[in-house]
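Structure record follows, encoded as structure tokens.
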2 protein chains.
Amino acid sequence: MSDALLRKLESFAPLFDGDRQVLRVAIDQPVRTVAARRDFAREGDAPRSMHLIVEGWAARHKTLSDGRRQIVGLLVAGDLCDLDLQLVSERDHSLGAINEIKVAEIPFGAIGQAMMDSPRLARALRLDALVVTATSHEWTLNIGQRSAYERIAHLFAEMAYRQRRAGLSSSDRFEWPLTQVDLADATGLTPVHVNRTLQQLRRDGLIVLANKRLVIPDLDRLRQAGLFNSNYLHLEQRVAAAV
Amino acid sequence: MSDALLRKLESFAPLFDGDRQVLRVAIDQPVRTVAARRDFAREGDAPRSMHLIVEGWAARHKTLSDGRRQIVGLLVAGDLCDLDLQLVSERDHSLGAINEIKVAEIPFGAIGQAMMDSPRLARALRLDALVVTATSHEWTLNIGQRSAYERIAHLFAEMAYRQRRAGLSSSDRFEWPLTQVDLADATGLTPVHVNRTLQQLRRDGLIVLANKRLVIPDLDRLRQAGLFNSNYLHLEQRVAAAV
DNA sequence: CGGCGCATTGATCTGAATCAAGACCCGTGG
DNA sequence: CCACGGGTCTTGATTCAGATCAATGCGCCG
């Protein structure tokens, strides 16, 4: 993973060599491989460390007592989970691998130290966390107001932007490891309906999805179909004033 | 407002007199009155300051280009919005008053200073922000997986807990300023269906709702009906280890 | 070869949306 | 003092997007 996190943070605001170095030291931690479909942190657990997705896709998810499951966010390489989570005694959601992934376990102290050492880096990490929250709001909007067709189009568009932001791929073709069941859990639909909706999206030429690869022939049309507005990702920032 | 924010922060972890004093100084700012149904911050605006709800209820909301509207979070007295928002150049959601409210406008610098002066306070504010994010995840789950009946029950239960946490009322009877249209926007339902669902909840004896007052005869039954688990509010924390 | 996870298809059902009208309440201006 | 209008709540009739139920196919792996 060619420093997807750094790439993402620098998309918010420039960092200097010193900042980069501080970050590299902090995230240079043992990497664990997690098999596809395995949870690597569970609701109810005491938070032990932060997680940085190094490779592959993961999901934040919650489950109701009767088994209904909702994915409340997706995580790709460069995504750092659980900043500040050491402040609580119990996790309120789980983290699970979608395909086989590599995760670095970052001690809370390491990131804390890095944020003390580099205020510019601290700002970038805070901004990243802010975008996570904003994304959660957007998902609420997505599920609450958009039709099935729009929801799925929106999700594809979001991930296209996020892939590009992390420098992982061009935004028009990339790995898509989610099964239709995952997609259903992420959008609040049933797998059967996801299947039919995907077919519609294909028929309309908005996506080409096969063998876990997604191709977006015309991102702009897809965005329109999903009423997607990238403002919540805060892709372009004025250079923040010094503290 | 008898220091609802302080009350809430202390529900997470104890503060000392010094911390309290630092917070009081920071939030002692001009208070603005906002008329019911008026936005006091709009999507697209440049963030100018933080907002502390002093009295009344407000909503975070987002609107699609075609007018569909989603409330992505509710705000009551003691809720502080937009920590870290100075890091972005444009708001991604609006804040609107539900009934007539009083809001204090807190300069970003004032809170920044307070967090520097009192690390214990800083931790409490970070924890508060974490709970906001966790609540957003819970809303995604709520709208994505629960039935209309469960969704509304869940929302009532959540607000009951939040009222109590801020020391605003007992959790079994309090002001309920949302109209059925608001409730629809918060739950991703139509007003007509909200109306019928409320009647069902009333018939089942789970709520008494009239004249903008809500009475919950049996919070435990309501919680069950909404599959409500308060873990995401992180009501009880071990005392966090010192930094 | 057997089984299992995943994608697909068809038939049917239903929770919630939509459309349409009243009823009620309250503030406001003539 | 009353007529008016707009917001809110309620009710009924109808429609529909998406859920549910049920099979089938298929590729992969042990």
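Because only heavy atoms are used, hydrogens play no part in the values below, and waters and symmetry mates are left out as well, while side chains stay in. Letters go in sequence order (proteins before strands), and every chain restarts at 1. All figures in this text were calculated on a predicted structure; none of them were measured in a lab.
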Over all strands shown, is A:S147 touching base, sugar-phosphate only, or nothing at heavy-atom distances under 4.0 angstrom? sugar-phosphate
With a non-hydrogen cut-off below 4.0 angstrom, is A:L198 in contact with a base, only sugar-phosphate, or nothing? nothing
So B:R202, base contact, sugar-phosphate only, or nothing? Heavy-atom distance under 4.0 Å. sugar-phosphate
Between A:Q145 and A:N142, is there a donor-acceptor pair closer than 3.5 Å when you use the side chain of the first and the backbone of the second? no
Supply the atom-to-atom distance B:L189 CG to B:R151 CZ, rounded to the nearest 0.5 angstrom. 4.5 Å
So how far is it from B:D128 CG to A:D84 CG, rounded to the nearest 0.5 Å? 11.5 Å
Counted 5' to 3', the first and last nucleotides of DNA chain C within 4.0 Å (strictly under) of a heavy-atom of chain B are C:dA16 to C:dC19
Quick one: closest heavy-atom pair of B:L85 and B:R91, and the distance? CD2-NH1, 3.4 Å
Does the side chain of B:N195 get closer than 4.0 angstrom to OP1 or OP2 of D:dC9 through an N or O atom? no
For A:F174 and A:W57, take the angle between the two ring planes, folded into 0 to 90°, and tell me which bin it lands in: parallel under 30, tilted 30 to 60, perpendicular over 60. parallel
Measure from the side-chain heavy atoms of B:Q180 and tell me the nearest of D:dC9, D:dT11, D:dT20. D:dC9
Does B:T179 reach a base, just sugar-phosphate, or nothing at all? Heavy atoms under 4.0 Å. sugar-phosphate
Could you label the plane-to-plane angle of the B:Y232 and B:F228 rings as parallel, tilted or perpendicular, counting under 30° as parallel and over 60° as perpendicular? perpendicular
